[in-house]
Amino acid sequence: MCGIIGYVGEGDVKQIIEEGLSKLEYRGYDSAGIAKVLENKIFCKKEVEGIKKLFSGFESFDNVNAGMGHTRWATHGAVSEKNAHPHLCCEGEIAVVHNGIIENHKEIRDSLGQHDYISETDSEVAAHFIEEKMKEGKTILEALEALRDVIEGTFAILVVKRAEEKIFVCKEKSPIALGIGENGNYVASDIYAFSGFTERSIFLEDGDLAVVEQNSLKIFDKKGNIVERQIKDFEWEERRDLDDEHDHHMIREIQEQPDAVKRLLDSYETFQKEFFEEIAEKINSSDKIIITGSGSSFHSSMVGAKLLRDIGINARAIVASEFDETDVMEDTVVLAVSQSGETMDVLDAIDVADEIGCDILSIVNVPHSSIQRKSDISIEILAGQEICVASTKTFTNQLVTFYLICKELGKDIKFEKLVEDIEKTLERNQEISKAVAKNIKDENDLYVLGRNKYFPIAKEIALKLKEISYIHAEGLRGGELKHGTLALIEEGTPVVSLIPEKDSGIVSNVEEVESRGAKSLRTSPFYGCFELPESDFLPILFSITGFILTYHTAYEKDLPIDKPRNLAKSVTVR
Ligand code: F6R
């Protein structure tokens, strides 16, 4: 994963890199580092205690016009200062930052002469490779070209050299965008790293090399030809500051759900209508729909596939990391679901589908993201920026999007009460969740029971409890309990059950666990410990209840709610 930002130009280079890195922290927050280009050397600083600490003690980068920063999500080597980027070559002439994985780093290292390696990372080899090629007389650009051709894996790499106000860039699979400013130019993993400084961007393509200078941006394709890539204007409204009302982004984002849903419903009536129509047309004209995503986006894909099957469409959900060519045929329509639009597993699935000739549709939150750019038709879920690592409002809006697609396909769905139902669920369950949270916070294991389209919701609630509250939780199929998992239930085992109707099949499963002494947390509009309105959108209301419960449980445990350990928001590695 990791986030990268670089800038060459006039102005406060330090402020640009600091702001850019804070905006990129969702890509990884294990450690961070910066490099600034000085006349006689590259100055580097690294820190494992956050971006604020990294920049404390710097007034500004006096008289410095080029620099870059990196925020890390560790793949190779522990979280430590020496493993943080940037990495220097032996002579300290050049520094490198990298996002991705250099799979053949050992072979590359063995092919080089004697170099002093400081870190345990795969990335450091890039600095020594370039150093060696420069000693052989190559320019940085030529060295980078040779590096690009030798690396197996995924990469976005930036290189700076002492006394040169330039940033050299290459990329394969990992995203990188250039930003065109008034008095300088930017390069970053995501456009919003430099949003606020500029809103004009160019997305590099796989295999591209680039040289970023104050007054010029040069891009070279795989063949070495200078190429022009389209300039895209973008808008990104960001919400990174917490107000007095909210202690964490997670709860703010949960509370934003009514507005986020309203925005999406309005767009269905207006500027996104044509995309819904086109997607419905594609679905109607195909015999088979495969929906794919990862984590929470896979759970929403499972619900989406069930909703489509309910109206007679042959749809299945396949987890992106296991998607392969046996899942699709030329006439299959593939619908990719992703909040970030950058998840590598989903991008790989799209590549497989594309190779076979399938139409690619997508549902994303982040505009201009790689997944959106690779799709034939894309719907934006318009949830607004989500900062907490756990998806909440974006999961909800993914579900709403599936309901809207079903409506477009002819199902009679009335959305008039949806926003009100969400508001009621939010209002009524805060205090209840605080009390339940106190009761479950010390549990080691918890189970969530669901059936049919509520099973993916059970899995989603369990995922949230694991990642944010650090409680081992599993979503179980109610009907499958008696086939094995019932053995896990003992006196006091907490079990949350999702009961959509008084007489639904799950009730007998709930009774099975209750009669074995489970601590039963029935969740239903009709009875139980949470208060839900009767609604046509219970998958959404159940998950919102689970999000609130997760938040309050993590709060009780004093956990780092927005940045849980070992995770990152955008998962751009395999
Ligand atoms: C869980 C969560 C993750 C993501 C997953 C896919 O709360 O947020 O499981 O859903 O990493 O990410 P996107 O949706 O960006 O493809």
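Every number for a ligand or one of its atoms is a count from 1 in the order of the listing. Nothing fancy with the numbering, it's 1 onward along the sequence.
- Counting protein heavy atoms only, atom 10 (O) of ligand 1 is closest to S296 N, 3.1 Å.
- Ring-plane geometry between F194 and Y186 is classed as tilted, the angle between the planes lying from 30 to 60 degrees on a 0 to 90 degree scale.
- Side-chain atoms of W73 never come within 3.5 Å of backbone atoms of S31 as a donor-acceptor pair (strictly under, hydrogens ignored).
- Ring-plane geometry between Y555 and H552 is classed as perpendicular, the angle between the planes exceeding 60 degrees on a 0 to 90 degree scale with a lower cut at 30.
- Between F537 and F415, the ring center distance clears the sub-6.0 Å criterion.
- When non-hydrogen atoms are compared, ligand 1 lies under 4.0 Å from the backbone of V389 (N, CA, C, O) but not from its side chain.
- Taking every heavy atom of S391 and a limit of under 4.0 angstrom, the matching atoms of ligand 1 come to 2 (C), 7 (O), 8 (O).
- Close approach of ligand 1 to Q339 (heavy-atom distance below 4.0 Å) involves ligand atoms 13 (P), 14 (O), 15 (O), 16 (O).
- The closest non-hydrogen atom to atom 16 (O) of ligand 1, taken over V364, T343, I468, comes from T343.
- For ligand 1 and S297, the ligand atoms under 4.0 Å from any heavy atom of the residue are 10 (O), 13 (P), 14 (O).
- Of all the atoms in ligand 1, the ones that sit under 4.0 Å from a non-hydrogen atom of A390 are 7 (O).
- Close N/O approach between K569 and ligand 1 is not found [any backbone or side-chain N/O within under 3.5 Å].
- Nearest to atom 11 (O) of ligand 1 among the protein's heavy atoms is V571 CG2, 3.9 Å.
- For atom 7 (O) of ligand 1, the closest heavy atom belonging to the protein is E467 OE2, 2.2 Å.
- Using the six-membered ring where Trp is involved, H85 and H70 have ring planes that are parallel, under 30° apart on the 30 and 60° scheme.
- For E427 and K424, the salt-bridge test fails: no basic side-chain N is under 4.0 Å from an acidic carboxylate O.
- Proximity of a side-chain donor or acceptor of K557 to a complementary backbone N or O of S469 within less than 3.5 Å is detected.
- Using a 4.0 Å cut-off between heavy atoms, K464 contacts ligand 1 through its side chain alone, with no backbone atom that close.
- Taking CD from E152 and CD1 from I102, the interatomic distance works out to 11.0 Å, rounded to the nearest 0.5 Å.
- Nearest non-hydrogen protein atom to atom 5 (C) of ligand 1 is S294 O, 3.5 Å.
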